[in-house]
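These numbers were taken from a predicted model, which means no experiment stands behind them.
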Amino acid sequence: MTTTIYRTSSKRAPLRDQRGSFFIPFAIHPPFCYDKRVTHEKFQKPYDPQGTEGRIYKLWEKSGFFNPDRLPLINTDEKRVNADANSRRKSVSHPRTSAFCIVMPPPNVTGVLHMGHALMLTLEDIMIRYKRMRGFKTLWLPGTDHAAIATQARVEKDVYKKEGRNRHDLGREEFLKRVEAFAKESHDTIVSQIKVMGASCDWSREAFTLDEKRSLAVGTMFKKMYDDGLIYRGSRIVNWDPKGQTTISDDEIVYETRKAVLYTFRYGKDFPIPIASTRPETKLGDVGVAVHPEGKWKKYIGKTFLIQDFAGVPLTLKVVGDEAVDKEFGTGAVGLTPAHSHTDSEIADRHELPKDRVVIGELGKMSEAAGARWNGKKVAEVREGVVLWLKEQGLLEKEEEITQNVATAERTGGIIEPLPKLQWFVNVNKPVAERGGKTLKEIMREAVASKEIKILPEHFEKTYFHWIENLRDWCISRQIWYGHRIPVYYCKRGFGGELQVHKVVKSVKSDCENPIVSIENIVDCPHCGGTVEQDPDTLDTWFSSGLWTFSTLGWPSFAKATAGTPGPENDLANYHPTDVLETGYEILFFWVARMVLMSGYALGEVPFRTVYLHGTVRDGQGRKMSKSLGNGIDPIDVAKKFGTDAGRMALIVGNTPGTDTNISEDKIRGYKNFANKLWNIARFILESTKGETLESGFSAYSSADMKLREERHGILADVTKDMEAYRFYLAAEKLYHYAWHTLADTVIEESKEIFRSGAPEEQKSRKQFLLHTLDKVLRALHPFIPFVTEEIWQLWKQPEEKEGMLMVQEWPIH
RNA sequence: GGACGAUUAGCUCAGUUGGUUAGAGCGUGCGAUUCACAUUCGCAAGGCCACUGGUUCGAAUCCAGUAUCGUCCACCA
């Protein structure tokens with residue numbers, strides 16, 4: 001190996017004398033002393049991501065440039081317009097005037113980073129780095145989510161496994177301590193992993209959905225909505241999870257297909273209409289029978305029947321006609337159990353049937369209303385009992401096995417028991433005076449319909465509208481302990497001394513206002529001075545997530561008054577609405593829509609301009625990654641084995657928005673080779689152009705090189721267009737292809753001959769072309785593979801100032 | 001049941017919104033090479049762009065229908 005190694009240590013930066021020219025102390029080859037480039041011994045070995053990435057990340061972090069307030073001016077090469085005939089470029093410094101902001105979808109503090117997170121981080125980092133290089137004041141605000149139910153369930157499981165105790169054994173305070181300890185540990189892991197991914201986010205602004213500032217935001221929002229009459233307490237059929245002892249949202253239900261027996265029977269010998277049910281035990285709570293208005297049972301509509309004894313209880317059944325009943329299905333009639341079925345409850349509403357006949361309790365056991373015979377017994381047991389009774393009475397007409405979808409809780413697996421409960425709701429259909437009389441539903445719809453928010457890919461807009469059409473009031477209270485406690489207090493005196501939060505209790509005579517909504521903690525009733533007790537429930541985690549774009553930017557503490565001034569206290573003015581929300585399509589409804597709601601309601605503006613939805617990351621064969629299949633790929637393992645750059649590139653190339661993507665080790669290995677290829681391209685160019693410095697105004701290109709230059713311009717212009725249009729998958733692939741198959745395979749191969757036997761001008765031209773191309777390729781690839789490009793840049797340019805880092809150089813628009 | 005999407009090389013997928021000969025990666029076959037490359041390079045094979053019809057000078061791309069697969073939503077007593 002004949003390569004000259006100028007320097008082997010990275011310590012010595014050339015010194016400057018007072019006139020700003022370089023003063024070379026000693027031992028550096030004189031002819032090339034103006035060339036800061038060195039051929040580093042590192043280039044003698046293959047690229048080593050493990051030894052590089054951590055060090056480079058620290059370099060970036062230390063620079064402070066992740067923080068938009070500390071970003072340097074952007075340096076731009078511009079042609080002089082008014083000056084002399086000399087068309088050489090000069091360097092101009094521009095302030096960063098436009099802002100670009102992404103608020104990171106906060107990973108749950110329940111575990112470790114997975115491939116989906118890696119994809120999210122990569123896409124966002126690409127956008128952020130690109131915009132930073134385009135001269136924007138870029139803020140990428142990181143954070144984590146307390147993920148109430150998920151985290152609590154996780155800790156409950158752990159505690160039970162280790163100590164055999166449940167949360168009630170520990171008590172609220174002690175249990176929360178455990179959860180917080182777990183969340184803290186999990187948080188630290190996640191943050192370190194986000195850093196491994198190369199994410200250039202501003203850690204000084206890091207947020208947590210359950211920290212003090214966010215809690216203030218949540219409390220403020222709750223009070224505002226309550227005062228506006230948008231939050232109300234009401235008795236509704238909720239999805240009760242008897243196993244988790246909590247209410248869960250529709251979105252947290254998973255349906256499992258199971259076999260069940262459908263029983264067809266009559267309530268009594270004299271009752272004319274047979275009905276069918278897979279849950280005869282609930283029939284103890286029936287208040288009527290619904291039939292189709294034009295069906296075969298039409299003649300009974302409006303009649304009321306009294307059943308003296310239905311398995312131990314009397315029933316009063318009114319026959320009503322309702323369109324919701326399918327005349328072809330089953331017997332063409334539905335027994336109505338308003339307290340234990342969503343649809344029955346709605347039918348009962350339409351026909352003013354009583355809804356208070358609750359026969360099943362929170363523990364999944366029968367209640368008093370089910371009669372002395374069944375009171376306190378388990379549901380399954382009672383089902384058998386009722387069927388037996390029906391058989392004995394000769395009322396059972398048919399038993400058939402059917403498959404049905406059973407609603408179960410995603411987290412606990414418990415079978416959902418619809419129960420009426422007193423819960424807190426957000427009214428989505430009430431006009432909001434402050435917002436021109438629009439309802440929350442309309443706010444959500446119009447933000448997208450008016451194109452103020454653009455969703456990528458576009459077809460998800462249809463799904464979004466469809467979801468909004470079917471939206472019901474949002475139940476926001478959860479009977480769990482970990483989360484934002486509902487900022488509501490009850491004066492005990494107002495309830496006659498006994499607090500019964502979930503039951504409708506008739507107000508005892510009292511002047512006290514109940515409930516009392518307060519952002520501050522209170523212990524005494526502001527009216528009578530008696531003791532108050534806080535609502536034991538916590539808020540749905542999406543309530544706090546909904547505020548994420550502005551609770552992270554300072555709301556409600558900092559008003560929107562000082563746009564243009566740097567500093568976190570002006571973030572709301574400077575960065576909201578944010579520019580892009582990048583997330584998985586599976587949480588379009590849970591989260592995206594709710595952010596639109598909250599932001600539109602509280603600030604009167606959209607939370608973001610563009611929604612970029614990515615797909616699910618699957619394995620090489622298109623299967624979902626799962627623990628049971630053992631086909632998961634851990635992004636941290638990938639970083640160790642192939643380097644983060646390789647993993648990032650593999651996730652991006654060919655990954656269109658909204659579409660699932662497959663990833664395999666083979667694909668990642670391919671891009672590890674690419675990082676090494678780039679390394680070798682740099683090595684070749686830097687070694688074969690020794691003595692030559694990149695001349696920024698160079699124009700004496702040979703005709704062949706002029707052509708190559710045109711081609712390069714074309715590619716980079718295309719890539720820039722792709723970046724602007726969020727076609728990162730195309731941009732990445734084009735750059736990959738250009739670097740490998742044009743620059744390396746063609747240009748460099750030709751150059752070898754030129755350097756061997758070409759004319760001096762030809763050699764000079766080619767050397768300049770190669771240096772310029774390397775410079776631009778490194779810049780353009782930096783958002784995608786930031787580590788290897790920065791490392792090459794550092795070895796080549798040896799910047800003395802942190803402003804010389806590739807991360808803050810200008811993007812090559814052509 | 002409703003909505004949305006997909007169907008392109010052996011495999012996994014692009015195809016920038018109608019324009020010449022449909023591309024990439026991996027894989028396969030043949031041949032070079034240690035001269036930047038824990039290799040890399042060159043060459044090659046391989047496609048009725050699901051099917052049927054329509055619009056158009058021109059369709060993988062737009063429209064209608066059919067088939068298969070997938071995702072989401074709702075959930076029926």
Taking the minimum atom-to-atom distance to the side chain of [X], which one of [options] wins?
| X | options | answer |
| --- | --- | --- |
| A:Asp326 | B:C73, B:U16, B:C76 | B:C76 |
| A:Tyr729 | B:G15, B:C76, B:G25 | B:G15 |
| A:Leu262 | B:A77, B:U16, B:C73 | B:A77 |
| A:Arg618 | B:C26, B:U71, B:U16 | B:U71 |
| A:His466 | B:G2, B:A36, B:A77 | B:G2 |

Self-check item: Most 5' of A:Lys462 and A:Glu733 on RNA chain B, judged by nearest nucleotide
Solution: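 Residue closer to the 5' terminus by nearest nucleotide: A:Lys462.
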Would [X] and [Y] count as having a side-chain donor-acceptor pair, cut-off 3.5 Å?
| X | Y | result |
| --- | --- | --- |
| A:Thr122 | A:Arg648 | no |
| A:Glu753 | A:Ser757 | yes |
| A:Lys355 | A:Ser345 | yes |

Closer than 4.0 Å, any side-chain N/O of [X] to the OP1 or OP2 of [N]?
| X | N | result |
| --- | --- | --- |
| A:Asn673 | B:U40 | yes |
| A:Gln404 | B:A77 | yes |
| A:Asn676 | B:A38 | yes |
| A:Lys45 | B:A36 | no |

Quiz prompt | Residues A:Tyr267, A:Ile273; criterion side chain to side chain contact (heavy atoms under 4.5 Å, CB included); working and verdict | solution = CA-CA 8 Å; A:Tyr267 291 102; A:Ile273 311 171; over 6 Å; no
At under 4.0 Å between heavy atoms, what does [X] touch on the DNA or RNA strands: base, sugar-phosphate, or nothing?
| X | result |
| --- | --- |
| A:Glu749 | base |
| A:Ala725 | nothing |
| A:Asn405 | base |
| A:Ile275 | nothing |
| A:Asp745 | sugar-phosphate |
| A:Ala744 | base |
| A:Gly654 | sugar-phosphate |
| A:Thr337 | nothing |

When the [atom1] atoms of [N] and [M] are considered, how many whole Å apart are they?
| N | M | atom1 | answer |
| --- | --- | --- | --- |
| B:A77 | B:G5 | P | 30 Å |
| B:U28 | B:G15 | P | 27 Å |
| B:C43 | B:G54 | C1' | 43 Å |
| B:G42 | B:U56 | P | 46 Å |
| B:U52 | B:C75 | C1' | 35 Å |

Quiz item: With no hydrogens and no angle check, is any side-chain donor or acceptor of A:Asp645 less than 3.5 Å from a backbone partner on A:Val788?
Solution: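 At least one qualifying donor-acceptor pair exists.
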Self-check item: Ring-face cation contact, A:Tyr47 with A:Lys672, 6.0 Å cut, 45° max
Solution: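 Because its charged atom misses either the 6.0 Å distance or the 45° angle limit, A:Lys672 does not stack over A:Tyr47.
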Check ion pair [X]-[Y] (N to O, under 4.0 angstrom):
| X | Y | answer |
| --- | --- | --- |
| A:Lys451 | A:Glu461 | yes |
| A:Asp775 | A:Lys797 | yes |
| A:Arg766 | A:Glu692 | no |

Quiz prompt | Dot-bracket line, read 5' to 3' along RNA chain B, where crossing pairs take [ ] and | marks a partner on another strand, Watson-Crick or G-U under 3.5 Å | solution = (((((((..((((.....[...)))).(((((.......))))).....(((((..]....))))))))))))....
Exercise. Apply the test side chain to side chain contact (heavy atoms under 4.5 Å, CB included) to residues A:Arg618 and A:Arg623: give CA-CA distance (whole Å), side-chain angles for both, the deciding distance (0.1 Å), then the verdict.
Key: CA-CA 5 Å; A:Arg618 298 166 175 277; A:Arg623 300 173 305 180; 5.8 Å; no
Nearest whole angstrom, please: distance from the [atom2] of [N] to the [atom1] of [X].
| X | N | atom1 | atom2 | answer |
| --- | --- | --- | --- | --- |
| A:Leu588 | B:C4 | CG | C1' | 12 Å |
| A:Leu743 | B:U40 | CG | P | 16 Å |
| A:His741 | B:C41 | NE2 | C1' | 11 Å |

Quiz prompt | Check: B:A36 base within 3.5 Å donor-acceptor of A:Lys752 side chain | solution = yes
Quiz item: Parallel, tilted or perpendicular: which describes the rings of A:Trp740 and A:Tyr736, with under 30° parallel and over 60° perpendicular?
Solution: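 Taking A:Tyr736 first and then A:Trp740, their aromatic rings sit tilted (interplane angle of 30° to 60°).
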Quiz item: Where along residues 655-664 of chain A does a heavy atom fall under 4.0 Å from RNA chain B?
Solution: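 A:Thr656, A:Thr659, A:Asn662, in order of number.
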